[in-house]
Amino acid sequence: MSWEEIRSFFATLTLKKLLPVILILVVGILVVKLLLKLFDRALSRSKLDRTIFAFLKATMRVLLYAIVILIAAGSLGVDVTSLVALLSVVSLAISLAVQNALSNVVGSITLLATHPFRVGDFVQIGSDSGTVEQIGMCYTQIMTADGKRIYIPNSDASAARIYNYTVEGKRRIDLTFSASYDDDVDRVKAALLAAAQHPKLCPDIPPEVHISEYADSSVNYLLLLWVAPGDYFEVKFDVTEAVKKKFDEEGISIPYPQLDVHMPK
């Protein structure tokens with residue numbers, strides 16, 4: 001639109017033309033507020049996360065006000081078709097410029113809608129594991145066991161293989177110990193079960209001991225323990241130490257690789 005066309009357009013504006021536009025804007029704003037209240041009420045009754053709730057509400061507000069502006073512009077005689085085309089081009093350019101950010105937003109919507117994990121869960125996302133601290137619009141923050149905070153893009157998190165160690169309320173500890181072939185099997189099993197008596201074990205699931213492998217220089221035993229997810233590392237370290245002490249008390253040897261070298265005379 002040239003400058004002359006703009007001047008001609010504003011020169012023809014009269015109060016008679018502006019009154020319908022003002023009426024459309026006033027009624028449109030009232031209708032938009034009413035619809036947003038109804039939308040807000042519907043979302044509040046749903047089970048959606050508050051983050052996705054705010055995102056959907058903001059998107060709905062922009063769309064409704066855009067429709068009101070287009071209707072008002074059409075009543076003034078503005079070519080709405082060209083305006084819509086211009087807005088489409090601008091939207092396309094913006095979407096291309098923020099493509100990665102938009103993919104992360106879509107990823108956050110996927111995570112918040114499907115709930116593969118929640119804040120406070122201990123998870124493994126791809127190769128990273130830790131406790132979920134925050135699920136934002138672009139990044140998911142997890143805190144590792146050694147105190148590192150990792151920011152994972154939501155687009156990566158939603159597409160990755162996710163292991164949630166908290167959601168079931170219990171977690172199994174698998175501990176492997178070696179004993180000599182000379183040690184009695186029942187005696188070794190009894191020593192392992194005695195060392196595994198920890199106060200934070202799940203009371204309804206008793207510890208189990210099984211022979212897992214006959215190795216070159218040892219018999220390997222698998223000790224299975226069930227604990228609450230938050231007690232995993234404490235019980236693992238305590239039982240590992242207790243087994244060594246128990247083996248020493250019972251005289252059970254823990255073999256280690258040895259190499260015998262024979263020199264010819």
Side-chain angles (χ1 to χ4, degrees), residues 32 35-67 84-174 202 205 224-236:
V32 167
L35 291 176
L36 288 175
K37 285 184 179 180
L38 295 175
F39 188 68
D40 192 12
R41 187 177 302 172
L43 287 180
S44 62
R45 293 177 180 176
S46 67
K47 297 181 179 179
L48 291 176
D49 190 270
R50 301 304 299 179
T51 305
I52 189 174
F53 176 93
F55 175 76
L56 291 176
K57 186 177 179 181
T59 303
M60 180 63 70
R61 181 184 292 108
V62 172
L63 290 176
L64 291 176
Y65 279 118
I67 293 173
V84 171
L86 178 62
L87 290 175
S88 300
V89 173
V90 173
S91 300
L92 178 60
I94 294 175
S95 63
L96 291 175
V98 295
Q99 184 176 3
N100 291 334
L102 289 176
S103 63
N104 287 330
V105 171
V106 173
S108 71
I109 295 174
T110 302
L111 293 174
L112 294 170
T114 58
H115 295 295
F117 52 80
R118 301 175 185 272
V119 173
D121 288 354
F122 187 88
V123 299
Q124 179 179 338
I125 304 175
S127 60
D128 300 312
S129 60
T131 302
V132 179
E133 288 196 328
Q134 181 181 353
I135 307 172
M137 292 304 298
C138 292
Y139 295 93
T140 294
Q141 300 179 28
I142 66 173
M143 177 65 73
T144 64
D146 57 348
K148 292 184 294 187
R149 181 176 284 108
I150 300 177
Y151 296 84
I152 303 175
N154 287 331
S155 57
D156 295 341
S158 61
R161 185 184 296 271
I162 300 173
Y163 298 88
N164 191 324
Y165 297 103
T166 304
V167 66
E168 295 298 329
K170 59 182 181 295
R171 185 177 176 185
R172 195 179 77 181
I173 304 174
D174 297 356
C202 292
I205 308 178
L224 306 178
L225 309 171
W226 286 92
V227 297
D231 299 328
Y232 179 87
F233 291 103
E234 179 184 352
V235 175
K236 179 180 179 180

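We number each residue from 1, following the sequence as shown. Just so we're clear, the structure is a prediction, and the values are computed from it rather than from any experiment.
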Are any non-hydrogen side-chain atoms of L224 and R172 less than 4.5 angstrom apart?
yes
Test item: F117 and I135 side chains (from C-beta on) under 4.5 Å apart, heavy atoms
yes
Backbone N/O of [Y] and side chain of [X]: donor-acceptor pair under 3.5 Å:
{"X": "E234", "Y": "K236", "value": "no"}
{"X": "N164", "Y": "P116", "value": "yes"}
{"X": "D156", "Y": "P153", "value": "no"}

Rounded to the nearest 0.5 Å, how far does [atom2] of [Y] lie from [atom1] of [X]?
{"X": "I152", "Y": "T140", "atom1": "CD1", "atom2": "OG1", "result": "6.5 Å"}
{"X": "L63", "Y": "L35", "atom1": "CG", "atom2": "CG", "result": "12.0 Å"}
{"X": "Y232", "Y": "L225", "atom1": "OH", "atom2": "CG", "result": "10.0 Å"}

Sorted by chain and residue number, the side-chain hydrogen bond (donor to acceptor under 3.5 Å, both in side chains) partners of T144 (sequence neighbours excluded) come out as D146
Partner residues of K37 under the salt bridge (charged side-chain N to carboxylate O under 4.0 Å, His left out) criterion, sequence neighbours left out:
none
Would you call the rings of F233 and F122 parallel, tilted or perpendicular, taking 30° and 60° as the class edges?
perpendicular
Which pair of heavy atoms, one from A160 and one from G126, lies closest together, and at what distance?
CB-N, 4.1 Å
Heavy atoms from other residues, nucleotides or ligands near OH of Y65 exceed 12 (cutoff 6.0 Å):
yes
